[in-house]
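All residue numbers refer to positions in the sequence shown, counting from 1.
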Amino acid sequence: MNKKIAGPLAWFFLGATLLFLFIMPTHSAVEVMTVLGEEAPPGFDPVTGKRVIPTVRCLKCHGDENEQTDVDDDGNEVEIYIPPHKFEDSVHGKRRCAECHANITRVPHRQEPEVVVGCIECHRQTWNANKDKPDNEFERLGVVIEQIEKYQDSVHARPEDEDDPSVLNAGCYDCHDAHNIGTLGSHQRDEHRLENPEVCGECHRKQRNKYKKSVHGKAVMEDGDSEAAVCSDCHTMHEIDSPEGDKVMLQITTNCGNCHDESRQTYRSSYHGQVNKLGYTHTAKCYDCHGGHNVLAIKDPASAVHEENRLETCRQCHEDAPEGFIGFHPHGNSNDFEKYPVMWITAKFMQALIIGILAFFWVHVMLWFYREYQDRKAGKSFAHPKPGDDTVYIRRFTATWRWIHLLFAVSTMILVLSGTTLLFSHTAWASFVMDMLGGPKVEAILHRTAATIWLSVFLVHFFIAMTNIVRNRKTFRWFGPSSMVPNLQDLRDVGAMFGWFFGRRERPSFDRFSYWQKFDYWAPFWGAAVIGFSGLMLFIPTLTASFLPGWVFNIATIVHAEEALLATMFLFTVHFFNSHFRPDRFPMSTIMFTGAVPLEEFKFEHRVEYERLEESGELEKMLVKPPSRTMEKGSQALAAVLIFAGLGLLTLVFIGYMTMPG
């Protein structure tokens, strides 16, 4: 061939071959070798084409217990020893070193290697490649991925220096010994747990030193008790954040209960714990009283909750707390008779009272409903004609008593809403309502304002009643028909009513006030005294503890809550039935809002009073014009609002009561 042609032709084929190799699709090294007609040489990965470095080669240097250190290029001594038996027993034992240390391509190293390990990337890639496999071999890796997500949102994953985002506060390898990570239940995990305070203490030295002296630290670091609390039990393992944030404050309080479950339950039954459970942190939390890293046994004289130090601990929040505070039981348990007999007796008495009263009146309600319904079907009951302009009415309640009733009803409902939101802090609706109210501080103001109105209304009523009695003392009869004082006739009426319930006699008629109306009246007297006095003691704790021992707060809390529950359930079931829901009154009665009742209905319900007034000639004086259409419509709307509000509150209370822990 002509040399002038052969030369250029050779260059052409060489260039074409190189161009072909350059523009061909990217393949692994083994595919390139196959194209060239060769196979991957020994010591190379057939998939990636990279050099395979067996773990045994790495351990020739790093597994030599006689050569555990080396000197880097700067002359610093560095540890290079990896105990072979620990690595083999670890969760990574089947992995080759270079799978994590991917930047290492040759051994021995030609130059000092940089330690670059991508823990997060490796775990994610492995999970994505294997998460759909049916054998669940990599199921545990899914938990690791969840922890990675938490870690990346934690304070540890944030840059230590804003100017250098590559340097994090703490990376995986700062906390984990990658060469000695054990599986669940392995001895490595127990070892790692015991080492947890020292690992955290590498950065948090001040906290570690306090922890060492604590009851937890001594159990772990001196006694080797792996069941005792370590850093991650309180601060979590990966979801670490600033302890000054609400999220961490709430989390640590919850985590304390993972070991101290009974104490957590009693704490959450207190005002402090109820507020905390609702997601607010301004009340006392576990570590506010017991200390954080320096928790000591209660009997230790240096403990913050030792009887000699307890008052000063209380004064961190209650600045002027008197010595009476020392007697308060912050973890008092009303179910523990041996430790807290007075609390136990009080709780059992209140429970018996609730069960007894509600059982009697709920049976009363069911029997009344049945008999009145049967009478209506038989045409024996009162038929309510449509009121007209010629309908005669009789005044039942004056404007003063109607306003007192309205204020009492509204303030009671506000008290129920704000109070049960704390009492049932474990429910989802309580959190919603508390946020809607503006938080516990606003709720406290609202509750105390309503309580002030409630007690003021009660006292005004009492003053008016006493004034009327004094003014009419010559004619007033304590057990007369116009008196709310129970008498023997009320007892006879109870028997007559039950006789009617069982169809053995005609329906009884009553004087001005029936026995159930008298009970409805006197119940608030008992409630105002019990709820009001106990609430007042809790409202002014410093003054209370100046005269009474601290355990009265525990008693007051029980009585206040239980009596409030009784009042709520009675009012919105029994009282609502008696006044609105029985067949003769359904769907509502507006008598308490208009103050007047049709004369025929009055004659049917209170025949004894009707005959007495007619005989004495006083009936004509009490007859009034029918309420205006506006008055009647407004009263119906107001009654409907209050009834629906009451039933809504009853529903919330029922949900809370039925789901209470324990």
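Checked against the 6.0 Å centroid criterion, the rings of Phe510 and Trp516 qualify as a close aromatic pair. Ring pair Phe570/Phe519: centre-to-centre distance below 6.0 Å. Ring centers of Tyr521 and Phe513: at least 6.0 Å apart, outside the cut-off.
Applying the side-chain hydrogen bond (donor to acceptor under 3.5 Å, both in side chains) test to Ser303 and every residue at least two apart in sequence or in another chain returns nothing.
A salt bridge links Glu312 to Arg315: at least one charged side-chain nitrogen sits closer than 4.0 Å to a carboxylate oxygen. Between Glu262 and Lys339 there is no salt bridge, since no side-chain nitrogen of the basic residue lies less than 4.0 Å from a carboxylate oxygen of the acidic one. Here Glu372 does not pair with Arg585 in a salt bridge; the nearest charged N to carboxylate O distance is not below 4.0 Å. Under the 4.0 Å criterion applied to side-chain N and carboxylate O atoms, Arg507 and Asp584 are assigned as salt-bridge partners. Contact check on Asp490 versus Lys518 returns a salt bridge, with a Lys/Arg side-chain nitrogen under 4.0 Å from an Asp/Glu carboxylate oxygen.
Put simply, the side chain of Val653 does not reach to within 4.5 Å of the side chain of Phe572, judged on heavy atoms. The side-chain heavy atoms of Asn255 and Asn258, taken from C-beta on, include a pair separated by under 4.5 Å.
The number of heavy-atom neighbours closer than 6.0 Å to CG of Leu543, taken from other residues, nucleotides and ligands shown, is above 12.
One N or O on the side chain of Arg402 and one on the backbone of Phe397 form a donor-acceptor pair closer than 3.5 Å.
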List the atom pairs, with distances to 0.1 Å, where a side-chain N or O of residues 551-562 and a protein N or O form a donor-acceptor pair under 3.5 Å, not counting sequence neighbours.
from, atom 1, to, atom 2, distance (Å)
Asn554, OD1, His329, N, 3.1
Asn554, ND2, His329, O, 2.8
Thr557, OG1, Phe553, O, 2.7
His560, ND1, Ile531, O, 3.1
His560, ND1, Ser534, OG, 3.0
His560, ND1, Gly535, N, 3.4

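Partner of Phe458 under the ring-ring contact (aromatic ring centres under 6.0 Å, His included) criterion, out of Phe525, Phe408, Phe463: Phe525 alone.
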* Going through the checks in order, is the side chain to side chain contact (heavy atoms under 4.5 Å, CB included) test met by Leu536 and Thr544? -> CA-CA 9 Å; Leu536 190 62; Thr544 301; over 6 Å; no
* Just do the side chain to side chain contact (heavy atoms under 4.5 Å, CB included) check on Met249 and Tyr287 with the steps written out, would you? => CA-CA 9 Å; Met249 290 183 186; Tyr287 53 84; 3.0 Å; yes
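When all heavy atoms of Met413 and Ala645 are compared, the closest pair comes out as SD-CB, 3.9 Å. In this structure, Ser418 and Glu443 approach most closely via the heavy-atom pair O-OE2, 2.8 Å.
Checked by atom type, the side-chain pair His272/Thr283 shows no donor-acceptor distance below 3.5 Å. Donor-acceptor pairing under 3.5 Å is recorded for the side chains of Thr659 and His426.
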